[in-house]
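Everything quoted here is computed from the prediction, not taken from an experiment. Position 1 is the first residue of the sequence, and the numbers go up from there.
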Amino acid sequence: MRKLVYCVATTLDGFIAGPDGSDPTGPGGFWSPAESYIQHLVDEYPETLPGPARAGLGVTAEGTRFDTVVEGRKSYEIGLAAGVANAYPHLRHLVFTRTLTESPDPGVELVADDPVATVQKLKRIDGKDIWLVGGAELAGALYREVDRLVIKLSPLTIGSGIPLFGRAAGFAPGLWELSDHTVLQGGAAFLTYDRRHDTPQGADK
């Protein structure tokens, strides 16, 4: 069965965006990734680069990790506001929303169904893994369905913002095993954790 992989950039203090939820690497954002970070994405995660970035960097590699991307409406609308109706035309692209009723792009599937049930169905379909791009609200809803975390750790702190699994995620301690890591020049790191299926001591109290 394929995995749901939450592959996301986060600060050292655990935030994936500032308090306003805007793209931290976009215009006016608080983090400009180093060249080594971009190159690592090109080499190891080319399918996670948005279409315009792939074109600008001359990336044509299909990638070996994901063939499907899922995201929430707020995350999707960041790209939409920038004039990008489908940031990932090279992947099957699902957006969970109950407010958008008509897709702005034929390659984007709008899903109003329960995210957990939908992801469980996706996992049973043969293929590569499923990339959860965000945002935090959807990640919180899918907290127990995430099988792997790929943390793109940026070497900065921001003090407050939107946390990894959102502000409304319930308390549910989980154990994760570090399965891979790469530290890049400039201080960024890619940390891969796989979910363990034992329960932390005291978590059931």
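Remark: Arg73 CZ to Ser75 OG distance equals 11.0 Å, nearest 0.5 Å. Expressed to the nearest 0.5 Å, how far CG of Leu94 lies from CD1 of Ile130 amounts to 9.0 Å. Atom CH2 in Trp131 sits 8.5 Å away from atom NE2 in His93 (nearest 0.5 Å). With rounding to the nearest 0.5 Å, the separation of CD in Glu77 from OG1 in Thr97 is 7.0 Å. For the atom pair Ser154 OG and Phe30 CZ, the distance stands at 7.0 Å (nearest 0.5 Å). Ser22 OG to Ile162 CD1: the interatomic distance, rounded to the nearest 0.5 Å, is 8.5 Å.
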Leu57 and Leu49: CA distance, side-chain angles, deciding distance, side chain to side chain contact (heavy atoms under 4.5 Å, CB included) verdict: CA-CA 10 Å; Leu57 294 167; Leu49 291 165; 4.3 Å; yes

What do the steps show when you test Ser103 against Glu109 for side chain to side chain contact (heavy atoms under 4.5 Å, CB included), and what is the final call? CA-CA 7 Å; Ser103 176; Glu109 304 173 40; over 6 Å; no

Does Thr11 form a side chain to side chain contact (heavy atoms under 4.5 Å, CB included) with Leu153? I'd like the steps, not just the answer. CA-CA 6 Å; Thr11 63; Leu153 191 65; over 6 Å; no

List the steps and the verdict of side chain to side chain contact (heavy atoms under 4.5 Å, CB included) for Val69 and Arg92. CA-CA 6 Å; Val69 58; Arg92 182 181 177 187; over 6 Å; no

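For Thr118 and Asp113, the side-chain atoms include no donor-acceptor pair closer than 3.5 Å. Between the side chains of Arg148 and Thr192, not a single donor N or O lies within less than 3.5 Å of an accepting N or O.
In the hydrophobic clustering of ILVMFWY residues, with side-chain heavy atoms under 4.5 Å counting as a link, Trp31 and Val8 come out apart. In the hydrophobic clustering of ILVMFWY residues, with side-chain heavy atoms under 4.5 Å counting as a link, Val111 and Leu142 come out together. Both Leu91 and Val5 are members of a single hydrophobic cluster when ILVMFWY side chains are connected at heavy-atom separations under 4.5 Å. With hydrophobic clusters built from ILVMFWY side chains whose heavy atoms lie under 4.5 angstrom apart, Tyr45 shares a cluster with Val42. When hydrophobic clusters are built by joining Ile, Leu, Val, Met, Phe, Trp and Tyr residues whose side-chain heavy atoms come closer than 4.5 Å, directly or via intermediates, Val183 is not grouped with Leu12.
Salt bridge present: Glu145 and Lys123 bring a charged side-chain N and a carboxylate O closer than 4.0 Å. The pair Glu137-Lys74 counts as a salt bridge, with a side-chain nitrogen and a carboxylate oxygen less than 4.0 angstrom apart. The existence of a salt bridge linking Arg195 and Asp147 is excluded, since no basic side-chain nitrogen approaches an acidic carboxylate oxygen closer than 4.0 Å.
In this structure, Val59 and Leu41 have side chains that are not in contact, with every pair of non-hydrogen atoms separated by 4.5 Å or more. Under the 4.5 Å side-chain criterion, counting only non-hydrogen atoms from C-beta, Thr25 is in contact with Pro33. Tyr76 places a side-chain heavy atom less than 4.5 Å from the side chain of Leu100. The shortest distance between side-chain heavy atoms of Arg2 and Asp67 falls below 4.5 Å. Here the side chains of Phe96 and Val70 are in contact, with some heavy-atom distance below 4.5 Å. The shortest side-chain heavy-atom distance between Lys128 and Arg65 does not fall under the 4.5 Å cut-off. When side chains are defined from C-beta on, Asp23 counts as touching Ile78, because their heavy atoms get closer than 4.5 Å. Thr48 is not listed as a side-chain neighbour of Val133, based on a closest heavy-atom distance of 4.5 Å or more.
Centroid-to-centroid, the aromatic rings of His40 and Phe190 come within less than 6.0 Å.
The minimum heavy-atom distance between Thr182 and Leu184, with the atom names listed, is CG2-CD2, 3.8 Å. Closest of all the heavy-atom pairs between His90 and Arg54 is CE1-CD, 3.4 Å. The minimum heavy-atom distance between Leu138 and Glu71, with the atom names listed, is CD2-C, 3.3 Å. Minimum interatomic distance between Ile16 and Thr10 (heavy atoms only, all atoms of both residues): CG2-CB, 4.2 Å. When all heavy atoms of Asp13 and Ile158 are compared, the closest pair comes out as OD2-N, 3.1 Å. Nearest heavy atom pair, residue Ala141 against residue Val116, reads O-CG2, 3.5 Å.
Not one N or O on the side chain of Asp129 forms a donor-acceptor pair closer than 3.5 Å with the backbone of Leu4.
When each of Tyr143, Trp176, Phe165 is checked for a ring-ring contact (aromatic ring centres under 6.0 Å, His included) with Tyr6, only Phe165 meets the rule.
Atom CG of Asp126 has 12 or fewer neighbouring heavy atoms from other residues, nucleotides or ligands inside a 6.0 Å radius. Annotation: Glu62, atom CD; neighbour count of heavy atoms from other residues, nucleotides and ligands within 6.0 Å does not exceed 12. Atom CD of Gln39 has more than 12 heavy atoms from other residues, nucleotides or ligands within 6.0 Å.
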